[in-house]
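One structure below.
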Number of protein chains: 2
Amino acid sequence: MRASERAYQRLREEILDGELAPGAPLGEVEQAARLGVSRTPVREAFARLEADGLATAASARVLVVAELSPESIAALYELREALEERAARLAAERRDPAPFLAVRRRIVAATEQLDGGADGLTEYYAAIAELDEAVDRAAGNPLLTAALRGARLHSARVRRLARHHPARLRRAADEHLLIVDAIIDGDASLAAHATHVHLHLSLRHALASIGGRSVA
Amino acid sequence: MRASERAYQRLREEILDGELAPGAPLGEVEQAARLGVSRTPVREAFARLEADGLATAASARVLVVAELSPESIAALYELREALEERAARLAAERRDPAPFLAVRRRIVAATEQLDGGADGLTEYYAAIAELDEAVDRAAGNPLLTAALRGARLHSARVRRLARHHPARLRRAADEHLLIVDAIIDGDASLAAHATHVHLHLSLRHALASIGGRSVA
DNA sequence: ACCCGGATTCATGTATACATTCACGCGCAA
DNA sequence: TTGCGCGTGAATGTATACATGAATCCGGGT
């Protein structure tokens, strides 16, 4: 694999996992040394991270890991609402239930294994990721999918911050199933509204979970 | 100014203006020679263009100017609908009429000069750009603004393709004024619906104007 | 004549050397 | 003591040399 690709994925993972904390400075030489590549691929990785919004220019010449304040989390969910609602609506209008029937089974199965520790959690998130992908495919709008990709990246950061109780995950699964069923039924309006409700509750849980502390 | 910045802006302008036609290959050495810089800043410019969606990887190692088919235009307007409607709604809810009163005057003045040739057209688009900026400010959501920036970039390409008759521009101005008035009145619902209508009509005009030919 | 395989070539991918600019700190003067 | 100014340094910005690998073209075989 290309060195720039490895550098990008590694840095992205570290930012999403919180190993690189919000506000942490990103120096080319430092990261190049740490990752074992030259500055050139690191520069490219930095550029992609900045385009993703995971890194921001603190001043003219210093790049830092993007902040993650309650305000920015609220803004993120506002954006996701606009995008996911539209995507869900388009998916429902498509009327191609087959992939969603498959996703539905996977979500149900994953929910039953939620007490199985870390593996259960991983499978749960994988199932949700498959739902996202199915929605993107059905929506059939590459630009929308690209915009959603960025928003979901940020959501992964939030997810790690907000420790998810099994109770919340179980309820979230129900919300997801309602969305899936609406899409299967071709009920675009319900798909959109159910998506809205899900995001609203997710945001409320996330903000409550981090308790207002700015994770800078 | 940095060479990479100049290269990016120049290439972006040329893509938006159509001088670099959709499908045109972007070679590092070629553009570096043409722009009078080394490959390094050109690489950075290419990366930004790809992040903007103005360039896409045709194969593993060749980058081309992004296509602009009727399908992608429709997809673009679908994305803009989702984003602009939300932004207009947020702006209306903010209830800070002052900047919109100013923009309103500017749009009205620009509309009256629409027969004044190229200058009138430039002023018209500048007024619309000011409206976009005012909406972004009022929405107060940096992520939403960033997503809109990308979508509006693509719209600039479409605009150049669809030769705009004065009649359409005058009508578009009316649509914009309705949006502005809704925001001034704090009528979020009307602002969103008026935005929807405007984008719908703009898309219809654009598609009719380019007559279904795929501008690849 | 057609197809397959390998060498060649050229664009990209990476590393590194050089240029530039900004920031920090030290020293001098008021 | 404090403020200004210059020098030094360390970072980024740029250029270029080198490595890699994919696409093409040619030659041999079927």
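Within every chain, numbering begins at 1; the chains are lettered A, B, ... in the order of the sequence lines, protein sequences first and strands thereafter.
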Give the angle between the helix axes at the two ends of the helix from C/dA1-D/dT30 to C/dA30-D/dT1, taking five base pairs at each end and rounding to 10°. 10°
Counting only heavy atoms and a strict 4.0 angstrom limit, can you tell me which residues of residues 28-40 of chain A come near DNA chain C? A/Val37, A/Ser38, A/Arg39, A/Thr40
Identify whether NZ of Lys or CZ of Arg in B/Arg43 sits under 6.0 Å from the centre of the six-membered ring of B/Phe46 and within 45° of that ring's axis. no
Under-4.0 Å salt bridge between B/Glu81 and A/Arg86: yes
Close side-chain approach of A/Pro25 and A/Val62, heavy atoms under 4.5 Å: no
Apply side-chain hydrogen bond (donor to acceptor under 3.5 Å, both in side chains) to B/Glu5 and B/Gln9, showing your working. CA-CA 6 Å; B/Glu5 184 68 21; B/Gln9 290 187 13; 2.8 Å; yes
What residues form a salt bridge (charged side-chain N to carboxylate O under 4.0 Å, His left out) with A/Arg12, not counting sequence neighbours? none
Quick one: are B/Arg10 and B/Arg34 in side-chain contact, heavy atoms under 4.5 Å? yes
Do B/Arg39 and B/Glu30 meet the salt-bridge criterion of a basic N to acidic O distance under 4.0 Å? no
Pair A/Thr195, A/Arg89: side-chain N/O donor-acceptor within cut-off below 3.5 Å: no
Less than 4.5 Å apart, side chain to side chain, heavy atoms only: is that true for A/Leu144 and A/Leu90? yes
Between residues 41-61 of chain B and DNA chain D, which residues have a heavy-atom gap below 4.0 Å? B/Pro41, B/Arg61
Pair A/Tyr8, A/Asp52 - check side-chain hydrogen bond (donor to acceptor under 3.5 Å, both in side chains), show working. CA-CA 11 Å; A/Tyr8 168 71; A/Asp52 289 340; 2.4 Å; yes
Across the strands shown, which category fits A/Leu63 at heavy-atom distances under 4.0 angstrom: base, sugar-phosphate, nothing? nothing
When you list every nucleotide of DNA chain D with an atom under 4.0 Å from a heavy atom of chain A, which one comes first 5' to 3', and which comes last? D/dA11 to D/dT14
Residues B/Arg152 and B/Glu84 bridged, charged N to O under 4.0 Å: yes
Does anything in residues 96-109 of chain B form a salt bridge (Lys or Arg N to Asp or Glu O under 4.0 Å)? List the pairs, not counting sequence neighbours. B/Arg104-B/Asp181, B/Arg106-B/Glu123, B/Arg106-B/Glu130
